[in-house]
Amino acid sequence: MKIAVIGTGYVGLVTGTCLADLGHEVIGVDKEKAKIDMLNRGKVTIYEVGLPELLGRNLGKSLNFTTNTHDAVFESEIVFITVGTPRGEEGKADMRYAVEAAEEIASAMDGYKIVVNKSTMPVGSTKLVERVINERAEGREFDVVSNPEFLREGSAVRDFMHPDRIVIGTDSQRAAGIMAELYKPLKAPLFITDPASAEMIKYASNAFLATKVSFINAIANICEAVDADVKEVAMGMGYDHRIGFEFLRSGPGFGGSCFPKDCQALMEIARSSGYNFYLLDGVMQVNREQMELMAKKVERRLGGLEGKKIAAWGLAFKANTDDVRDSPALEIIRILIERGAQVCAYDPEAMQNALAIFPDLDCSANAIDALRDADLLLIMTDWDQFKMQDFRAVKELMRAPEILDTRNCLDPLSIRRLGFNYEGVGR
Ligand code: NAD
């Protein structure tokens, strides 16, 4: 099938590249010319495992990139909207980019097309996009479908290619049939429902996962007080198939470009429909406090922060991505610096993005350099390379053998055996 993907960010680039690899003809569109130039040179614009290989295999054949929305839409039967829907006023999803994309799509409408809302958009957005297109392309035949994306950064290609389910929200049998055909090669369960339910499924899923994270973080904080180990507790809980092992890892709090903004947007959807979502409010409050708790742990270990030097490993909101949007690491570093600490940070992939929003951040060229004369090593993202360091050498470089592992990614026993004072979360 001929497909246009409007917005080649984390979701659009992965979606377009994977669909091309599945045998469809894809044109990726972005308004940022530098991005498109880079992609046309075969260079990926984000860090995502497996993506460079897929791009290399399909570029110039079934996959092309342009800044020209009109031509891309004109050529296509299916048009994906994958632009950002960031946090807007009062936590509402900012639909400005999606509306802009819909207006541009409308101007290139000729025959029947399916417009797919793949970005995370609030309930009612399928109707909104329909209205925007209708205003500009009256009489043209089209369907707007909600098809939320569930991929995770860090394993986005695998997640796209092997989804647990594909959700299609539409009242049109014709569109549902074409979407089913599009995704046929993935052999994944297809859940076809009405647009409002599809839109709600995305927000409800993210809010539920965020709830699991805040729940286990709250349990971790109790574990610390009663001398239990949250890793053992989570393992024992996870064996219950009604609970499962996933998303029960305590840490510095959830972050990233989705959970915080989607929880807030759902709060807003609830509020405007007259429902007070106390539960989700609590989930977000636990999350905010968790970051503050991490900073307090550092402060307590060091007996104050003024003039203390902290080596911070990890800036991305989780391992295997370069994304720092709403990263707990950056928030914790901000608190530490505000209270007088000196922080030297390192991340294998996310430093450039971090410096773009935190220009004064002191970064080092590698993990080892960040450690020199540090009073404490603060691990905030569980990159494999951090777990595999020679901790004897790490200890030699530091002023004091203090580690706060906010990801519980090191083995406390072996680290303590090397002479470190080690603290994790909930252990
Ligand atoms: P992003 O910021 O990485 O990418 C958005 C891209 O759209 C940018 O490159 C921007 O230049 C481009 N763009 C904006 N307006 C445009 C226009 N009119 N024409 C062409 N290009 C335009 O965002 P993202 O992380 O890929 O997220 C996109 C959507 O997918 C959001 O709604 C997000 O909530 C949702 N989502 C994200 C993830 C994730 O892990 N990042 C997962 C699932 C769903």
Side-chain angles (χ1 to χ4, degrees), residues 4-18 27-39 44-49 51 65-73 79-88 91-108 115-122 125 129 132-133 146-160 163-164 166-167 198-199 201-203 205-207 209-210 254-266 316-318 320-327 353 356-357:
V5 179
I6 315 297
T8 57
Y10 287 87
V11 167
L13 185 57
V14 172
T15 300
T17 308
C18 288
I27 311 177
V29 185
D30 208 284
K31 59 182 182 185
E32 274 187 41
K33 188 173 177 302
K35 246 183 210 183
I36 292 300
D37 289 346
M38 228 175 126
L39 290 168
V44 285
T45 41
I46 55 172
Y47 177 82
E48 197 57 62
V49 173
L51 196 57
F65 295 98
T66 179
T67 51
N68 188 329
T69 309
H70 182 278
D71 290 0
V73 172
V79 183
F80 280 87
I81 300 181
T82 53
V83 300
T85 48
R87 190 187 287 111
K92 276 188 200 138
D94 182 350
M95 289 292 288
R96 158 178 20 161
Y97 306 104
V99 167
E100 241 173 61
E103 288 169 354
E104 289 160 15
I105 292 166
S107 70
V115 178
V116 183
N117 286 356
K118 188 164 258 318
S119 298
T120 304
M121 301 186 195
S125 298
V129 169
V132 170
I133 298 176
S146 167
N147 169 219
E149 181 51 55
F150 299 96
L151 62 77
R152 295 162 297 177
E153 287 173 21
S155 54
V157 171
R158 194 180 59 222
D159 291 348
F160 188 92
D164 291 336
I166 294 164
V167 173
E199 290 159 347
I201 286 168
K202 175 64 191 175
Y203 282 102
S205 300
N206 273 1
L209 293 171
F254 59 77
S257 66
C258 292
F259 283 9
K261 84 158 167 73
D262 292 349
C263 284
Q264 266 187 305
L266 183 53
F317 82 95
K318 64 172 181 176
N320 303 319
T321 179
D322 58 355
D323 199 347
V324 296
R325 289 177 286 184
D326 275 340
S327 170
N353 285 342
I357 51 175

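Both ligands and their constituent atoms are indexed starting at 1 by order of listing. Along the sequence shown, residues are numbered consecutively beginning with 1.
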Can a donor-acceptor pair be found, under 3.5 Å and without considering hydrogens, that links the side chain of [X] to the backbone of [Y]?
{"X": "E48", "Y": "G154", "answer": "yes"}
{"X": "D30", "Y": "T8", "answer": "yes"}
{"X": "E153", "Y": "Y10", "answer": "no"}
{"X": "K118", "Y": "V5", "answer": "no"}

Starting from [atom], find the nearest protein heavy-atom neighbour and note its residue, name and distance.
{"atom": "atom 36 (N) of ligand 1", "answer": "V11 CG2, 3.4 Å"}
{"atom": "atom 31 (C) of ligand 1", "answer": "T85 OG1, 3.5 Å"}
{"atom": "atom 4 (O) of ligand 1", "answer": "G9 CA, 3.2 Å"}
{"atom": "atom 5 (C) of ligand 1", "answer": "G84 N, 3.6 Å"}
{"atom": "atom 41 (N) of ligand 1", "answer": "E153 OE2, 2.7 Å"}
{"atom": "atom 43 (C) of ligand 1", "answer": "E149 O, 3.3 Å"}
{"atom": "atom 21 (N) of ligand 1", "answer": "K31 N, 3.3 Å"}
{"atom": "atom 16 (C) of ligand 1", "answer": "V83 CG1, 3.5 Å"}

query = With respect to atom 12 (C) of ligand 1, which of D30, I81, T15, T45 exhibits the smallest heavy-atom separation?
reply =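 The option holding the nearest heavy atom is D30.
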### Query
Out of F160, F150, F317, Y10, whose heavy atom sits nearest atom 3 (O) of ligand 1?
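Closest candidate by heavy-atom distance is Y10.
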Side chain, backbone, both or neither: the part of [X] lying under 4.0 Å from ligand 1 by heavy atom:
{"X": "S119", "result": "both"}
{"X": "E104", "result": "side chain"}
{"X": "D323", "result": "neither"}
{"X": "C258", "result": "side chain"}

What do you reckon, does [X] put a non-hydrogen atom under 4.0 Å from ligand 1?
{"X": "R152", "value": "no"}
{"X": "R325", "value": "yes"}
{"X": "K202", "value": "yes"}

Does [X], backbone or side chain, put an N or O under 3.5 Å from an N or O of ligand 1?
{"X": "I6", "answer": "no"}
{"X": "Y97", "answer": "no"}
{"X": "K35", "answer": "yes"}
{"X": "T120", "answer": "yes"}
{"X": "K261", "answer": "yes"}

| message | Consider salt bridge (Lys or Arg N to Asp or Glu O under 4.0 Å). Of D262, D94, D326, which one does R87 pass it with? | response |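 Per the salt bridge (Lys or Arg N to Asp or Glu O under 4.0 Å) rule, the option paired with R87 is D326, out of D262, D94, D326.
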- Task: Run the numbers on T66 and D71 for side-chain contact (heavy atoms from CB on, under 4.5 Å), then give the verdict.
- Result: CA-CA 9 Å; T66 179; D71 290 0; over 6 Å; no
| query | Atoms of ligand 1 less than 4.0 Å from S257 heavy atoms? | reply |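 Atoms satisfying the 4.0 Å criterion: 41 (N).
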Check your understanding: If you count the atoms of ligand 1 from 1 in the order shown, which ones are under 4.0 Å from a heavy atom of T82?
Key ->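 Selected atoms, number and element: 5 (C), 28 (C).
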Inter-residue atom distance N206.CG - T120.OG1, 0.5 Å rounding: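 The distance works out to 6.5 Å.
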Next item on the list: Please report the shortest heavy-atom distance between L266 and A207, naming the atom on each side.
Entry: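 Heavy atoms of L266 and A207 come nearest at CD2-CB, 3.6 Å.
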Residue pair M121, M95: steps toward the side-chain contact (heavy atoms from CB on, under 4.5 Å) verdict
CA-CA 8 Å; M121 301 186 195; M95 289 292 288; 3.6 Å; yes
| task | Output, in order, the C-alpha distance, side-chain angles, deciding distance and verdict of side-chain contact (heavy atoms from CB on, under 4.5 Å) for F80 and N147. | result | CA-CA 9 Å; F80 280 87; N147 169 219; 3.6 Å; yes
Going through the distances and angles, do I81 and I105 end up as a side-chain contact (heavy atoms from CB on, under 4.5 Å)?
CA-CA 9 Å; I81 300 181; I105 292 166; 3.7 Å; yes
message = Any salt bridge linking K31 with E104? Criterion: basic side-chain nitrogen under 4.0 Å from a carboxylate oxygen.
response =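 Salt bridge between K31 and E104, a charged N being under 4.0 Å from a carboxylate O: no.
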